[in-house]
Amino acid sequence: MGTYAVTGSASGMGAASAARLREAGHEVVGVDLRDADVTADLGTADGRRHAADEVLRLSGGVLDGVAAVAGVGPNLPDAAAVASINYFGPVALLDALRPALERDGGGRAVVIGSNSATTVPMIDDRLVGLLLAGDEEAARAHAAGAQRSLPAALATSPSISAYATSKFALARWARLTAVTPEWARRGITLNTIAPGAVVTPLMTGSTMSEDDLDPDAFPTPMPRGIFGRPADIAFWVAQFLSPEAGFTTGATLTVDGGTDAAMRPDAQPTAMPR
C-alpha cells in the first residue's frame, strides 16, 4: 500500500478521491482549508510552504502520488485569488513535493483542470503568459484589471475568464513539465483531468443550486443528459495515480459527459503541421 497527498480533501472531488484511495488501503494525507490532516491556504506562498512541509513530515518524505484537486470556481468575486489558488497553488505544491515522488518505479501526480479551458471563449492570452512565467504578482494584477472590464451580464460568474484561463494554463504547465528530465526521466508521471459539470459545492455555488439542476437547461451541451458526480472524477484520479499508469504522462483527460466533444467535434485529433 502507498502514501498519497490529496488537496481539497474536505469536500467534492477531493474528498471523493481521498476516500477512494483510503478504501483501497492507502494512507492519505489530506490538505484543505479545514477538516484535513494539513490545514493550509494554497492561495498564498506561506500557505503552500506550510502545506508542503507538513505533507513531507507526515509522509516521512516519501510519496507514491499527489492529487492536486483543490480549486475555486468562477463565482469567486476576486479574479486575482482565482489565479493564485487555481494555478500557483498546485504548481508550487507539486514543485515542492516532486523530490518525494522520486522513488523506485516512480511516483504519480495528477492535477484537476476543467473543460472550461476549451469550452469557454474567454481565455486571456496575456494572463496565460504571466502564469506560465511564474510571475504571480503581475498575474494577480492583470487578472484583477481584466475582471473590471468584463460585461455586467457576467455578474454571477465574475471570475469566469480568470477561472478558465487558470485551468488552461495549469493543463499547459502539466504538459510542458511532464516531459522534462526532472519528472519524466526520474520516473514521475504528471497528468491532467478536465472535468465538466460535476455536482460539487463549487459547481452549485457558481452556476445554480442543486435543486435547480437540469442538464437540458445548462449553458453548455450535455450529451449524456446527466451531471457528473465526484466519484466519476475520483475513479480517474485513482487510475492516474496507480503504478500501472507509468506509461501515461503529459496527458489531459476530459471527463464531462461529452460536452467538449459536442462543442468542438473537430478539435481532436489535431494533425502535426507539415
Side-chain angles (χ1 to χ4, degrees), residues 1-40 42 51-52 54-73 89-90 93-94 97-98 100-115 170 174 187-205 210 213 224 226-249 251-257:
M1 295 298 99
T3 301
Y4 297 84
V6 178
T7 71
S9 62
S11 67
M13 292 180 283
S17 298
R20 187 178 183 97
L21 291 167
R22 289 187 177 112
E23 288 166 4
H26 301 299
E27 180 181 347
V28 175
V29 179
V31 181
D32 212 316
L33 288 169
R34 62 189 68 82
D35 301 326
D37 304 296
V38 177
T39 56
L42 299 180
E54 284 298 291
V55 168
L56 292 171
R57 181 182 68 81
L58 292 172
S59 67
V62 178
L63 290 166
D64 293 273
V66 179
V69 184
V72 292
L93 189 64
L94 283 170
L97 296 180
R98 184 193 56 77
L101 292 166
E102 293 182 15
R103 43 178 295 282
D104 290 342
R108 311 279 173 254
V110 61
V111 299
I112 299 298
S114 171
N115 75 343
L170 181 61
I188 310 169
T189 63
L190 175 59
N191 294 289
T192 302
I193 298 172
V198 177
V199 181
T200 65
L202 185 152
M203 191 196 91
T204 56
E210 189 163 356
L213 289 175
R224 287 276 288 116
I226 59 173
F227 290 97
R229 297 288 168 172
D232 297 320
I233 308 305
F235 170 82
W236 288 110
V237 168
Q239 304 314 303
F240 275 128
L241 294 183
S242 70
E244 294 80 6
F247 198 52
T248 304
T249 199
T252 297
L253 176 68
T254 302
V255 185
D256 69 354

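Numbers here simply count residues along the sequence, with the first being 1.
- A pairwise comparison of heavy atoms in S17 and V237 identifies OG-CG2, 3.6 Å as the closest pair.
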Yes or no on salt bridge (Lys or Arg N to Asp or Glu O under 4.0 Å) for R57 and E54, after CA distance, side-chain angles and deciding distance? CA-CA 5 Å; R57 181 182 68 81; E54 284 298 291; 2.8 Å; yes
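- Between S9 and G30, the shortest heavy-atom contact is OG-CA, 3.2 Å.
- Annotation: side chain of I193 is in contact with side chain of V110 (closest heavy-atom distance under 4.5 Å).
- Distance check: L42 CG to L33 CG gives 7.5 Å after rounding to the nearest 0.5 Å.
- Side-chain atoms of E102 never come within 3.5 Å of backbone atoms of R98 as a donor-acceptor pair (strictly under, hydrogens ignored).
- Note that CG of L21 is 11.0 Å distant from CE of M1, once rounded to the nearest 0.5 Å.
- Put simply, the side chain of N115 never gets that close to the backbone of D256: no donor and acceptor are under 3.5 Å apart.
- Residue I112 comes nearest to L170 through the heavy atom pair O-CD2, 3.6 Å, listed as atom of the first residue, atom of the second, then distance.
- When every heavy atom of L63 is checked against every heavy atom of Y4, the shortest pair comes out as CD2-C, 4.3 Å.
- The side-chain contact (heavy atoms from CB on, under 4.5 Å) test with R108 singles out one residue from N191, T249, T189, and that residue is T189.
- With S59 as the fixed residue, the side-chain contact (heavy atoms from CB on, under 4.5 Å) test singles out one of D64, T3, V28, V66: T3.
- Residue S11 holds its OG atom at 9.5 Å from CG of D35, rounded to the nearest 0.5 Å.
- Here the shortest heavy-atom pairing between A245 and F240 reads CB-O, 3.7 Å.
- Minimum interatomic distance between R229 and V198 (heavy atoms only, all atoms of both residues): C-CG1, 3.5 Å.
- You'll find the side chain of V29 reaches within 4.5 Å of the side chain of V38, heavy atoms only.
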Working note: V6 + V69, criterion side chain to side chain contact (heavy atoms under 4.5 Å, CB included); need CA distance, chi angles, decisive distance, verdict. CA-CA 7 Å; V6 178; V69 184; 4.2 Å; yes
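- Applying the 6.0 Å contact sphere to CZ of R22 captures more than 12 heavy atoms from other residues, nucleotides or ligands.
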